[in-house]
Amino acid sequence: MKKLLILLSGLLLLQTSCSHTESIPGTRAERVVSEIHDPSSNKVLVACHRGDWRNWPENSLAAIESVIGMGADIVEIDLALTSDSVLVVCHDRTLNRTTTGKGLIAEIPYDSIQRCFLKSGHGVATSHRMPTLREALELCKDRIVVNIDKGYQYYDLVQRLSEELGVTGQLLIKGKSPVADVAAKFSRYEHNMMYMPIIDILKPKGQALFAEYLGTDTVPLAYEVCWSEYTPAVESCMKKVLAGGSKLWVNSLWPSLCGGLCDDAAFEGDPAAVYGKLVDMGATLIQTDRPELLISYLRSRGLHD
């Protein structure tokens, strides 16, 4: 059966911008998209959180370029909207932490933001400036899948830009919206980004959303599952995700997202004791803050190209 993004009552409501079964993928991004669409593959895809922020300013073009060079599969970026409706790549609602500027991005025009400089992870001003989403997508086109975080609220704006640039098929967006809301939004477009629900499985809202997906026979490409402690409920959720034909996305960013199986534990101890457990749980998409370490471990097991 052909893989569907969202299946609701037997009706195809969400679809990606191109068919991945009609042609052999050629670009790096197409190969990654093909893997995302293949629930039977045991290859583990590496998603880099805000790019290579340990060596470059987070969410900068240089940080994105760096993880592309490492051989990462997905780069996660965050969006904010300026007062004159320009989508920029920034995690925070304000300029305060990541740039030399101050104030709410939503209240500042783009040309003023461009006069600010991005800060390094140590809070030191650099020569880099905050990129627009257009600049980031132009850099990533055909080279890496882009996970747009903190961006579902801007779906329509992102959709128009991605169609203009011809990159819709290599974009992945996540959210916690009800199934029907997502289906309604996606039904307005001929082509759509890949979509992934976020399931905080130990929280009531996360449990309810997961039950809703299961109850409507909806089969996403993947679920992002978050958990602070590995319990029978977490194990059951993961098994249902995999048995239902979806991939499993986990975050090794910090302990509360992965029950302590985080990047720092892998860096300070044995990567196999951390990343190996995530793989054994069935994860084939891992978002990390230490991409080089994760890629090295996965390649030692033949799980990453």
Side-chain angles (χ1 to χ4, degrees), residues 47-68 70 72 74-141 143-162 164-165 167-168 170-177 193 195-196 198 224 226 251 253-254 257 263 287-291:
C48 300
H49 185 229
R50 305 182 201 175
D52 181 15
W53 62 263
R54 294 186 185 276
N55 297 302
W56 302 97
E58 68 177 59
N59 278 313
S60 66
L61 294 180
I64 295 171
E65 185 66 50
S66 181
V67 297
I68 292 174
M70 290 178 192
I74 303 167
V75 61
E76 182 262 5
I77 61 175
D78 306 281
L79 295 187
L81 190 67
T82 67
S83 65
D84 50 348
S85 299
V86 177
L87 285 168
V88 291
V89 184
C90 183
H91 175 272
D92 299 357
R93 299 302 92 186
T94 74
L95 298 173
N96 303 14
R97 179 181 65 86
T98 61
T99 80
T100 55
K102 300 288 183 182
L104 287 168
I105 293 174
E107 298 176 355
I108 303 172
Y110 172 67
D111 62 352
S112 294
I113 289 175
Q114 282 303 95
R115 291 196 286 270
C116 303
F117 293 94
L118 293 175
K119 294 178 182 178
S120 69
H122 298 292
V124 177
T126 71
S127 60
H128 300 271
R129 300 180 192 270
M130 185 180 295
T132 62
L133 177 61
R134 175 183 291 274
E135 290 171 328
L137 294 183
E138 288 174 341
L139 177 65
C140 294
K141 184 175 182 177
R143 305 174 72 201
I144 192 169
V145 166
V146 180
N147 168 212
I148 296 176
D149 199 16
K150 291 183 176 293
Y152 185 70
Q153 68 194 95
Y154 308 124
Y155 189 88
D156 297 319
L157 290 174
V158 177
Q159 178 72 14
R160 287 197 289 271
L161 177 59
S162 70
E164 177 189 337
L165 298 177
V167 298
T168 304
Q170 71 180 78
L171 302 190
L172 168 66
I173 197 161
K174 296 181 291 189
K176 298 180 180 180
S177 297
M193 295 169 252
Y195 181 80
M196 181 188 308
I198 301 172
E224 175 183 315
C226 306
N251 302 300
L253 307 176
W254 47 81
L257 292 175
D263 293 314
Q287 182 174 203
T288 180
D289 277 328
R290 293 190 181 273

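Since this is a predicted model, take the numbers as computed values, not measurements.
- Val146 has its side chain out of reach of Ile64: every pair of non-hydrogen atoms, C-beta onward, lies at least 4.5 Å apart.
- The main-chain N or O of Gly51 is never found under 3.5 Å from a side-chain atom of Glu58 such that the two would form a donor-acceptor pair.
- Of all heavy-atom pairs between Lys176 and Tyr195, the closest is N-OH, 3.9 Å.
- For Arg54 (side chain) and Asp289 (main-chain N/O), a donor-acceptor pair under 3.5 Å exists by modelled atom type.
- When atom types are taken as modelled, the side chain of Lys141 and the backbone of Leu165 share a donor-acceptor pair closer than 3.5 angstrom.
- Side-chain atoms of Thr94 and Asp92 form no donor-acceptor pair, as typed in the model, at a separation below 3.5 Å.
- For the atom pair OG (Ser120) and CH2 (Trp53), the distance works out to 11.0 Å, reported to the nearest 0.5 Å.
- At distances below 3.5 Å, not a single donor-acceptor pair connects side-chain atoms of Gln170 with backbone N or O atoms of Val145.
- One finds the CG atom of Asp149 at 9.5 Å from the CD1 atom of Ile77 (value rounded to the nearest 0.5 Å).
- Counting only heavy atoms from C-beta outward, the side chains of Leu161 and Leu157 never approach each other to under 4.5 Å.
- Side-chain N or O atoms of Asn147 include one that pairs as donor or acceptor with a backbone N or O of Leu172 at under 3.5 Å.
- For the pair Ile148/Val158, a side-chain contact is recorded, criterion being any heavy-atom separation below 4.5 Å from C-beta on.
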Criterion salt bridge (charged side-chain N to carboxylate O under 4.0 Å, His left out) on Glu65 and Arg143, from CA distance to verdict: CA-CA 10 Å; Glu65 185 66 50; Arg143 305 174 72 201; 2.7 Å; yes

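- Side-chain contact between Asn59 and Leu118 is absent, with no heavy-atom pair separated by less than 4.5 Å.
- Looking at every heavy atom in both residues, Pro109 comes nearest to Asp84 through CA-OD1, 3.5 Å.
- The distance from atom CZ of Arg50 to atom CG of Leu253, rounded to the nearest 0.5 Å, is 8.5 Å.
- Partner Thr82 forms a side-chain contact (heavy atoms from CB on, under 4.5 Å) with one of Ile113, Thr132, Asp111 and no other, that one being Ile113.
- Of all non-hydrogen atoms in Tyr154 and Leu79, the two that sit nearest each other are CE1-O, 3.8 Å.
- A distance-only check finds a donor-acceptor pair linking the side chain of Asn96 to the backbone of Gly103 [under 3.5 Å].
- Among all heavy-atom pairs drawn from Ser162 and Leu171, the shortest one is CB-CD1, 3.5 Å.
- Pairing each heavy atom of Thr98 with each of Cys90, the nearest pair is OG1-SG, 3.7 Å.
- Residues Val167 and Cys140 fail the side-chain proximity criterion, which asks for heavy atoms closer than 4.5 Å.
- Expressed to the nearest 0.5 Å, how far OG of Ser112 lies from CD of Glu107 amounts to 12.5 Å.
- Distance check: Met130 CE to Glu135 CD gives 11.5 Å after rounding to the nearest 0.5 Å.
- Under the 4.5 Å side-chain criterion, counting only non-hydrogen atoms from C-beta, Leu61 is not in contact with His128.
- Between Ile105 and Leu95, the closest side-chain pair of non-hydrogen atoms falls below 4.5 Å.
- Thr99 contributes atom OG1, which lies 10.5 Å from atom CD of Gln114 (distance to the nearest 0.5 angstrom).
- Between Ile198 and Cys226, the closest heavy-atom pair is CG2-SG, 4.3 Å.
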What's the verdict on side chain to side chain contact (heavy atoms under 4.5 Å, CB included) for His91 and His49, showing C-alpha distance, side-chain angles and the deciding distance? CA-CA 11 Å; His91 175 272; His49 185 229; 5.6 Å; no

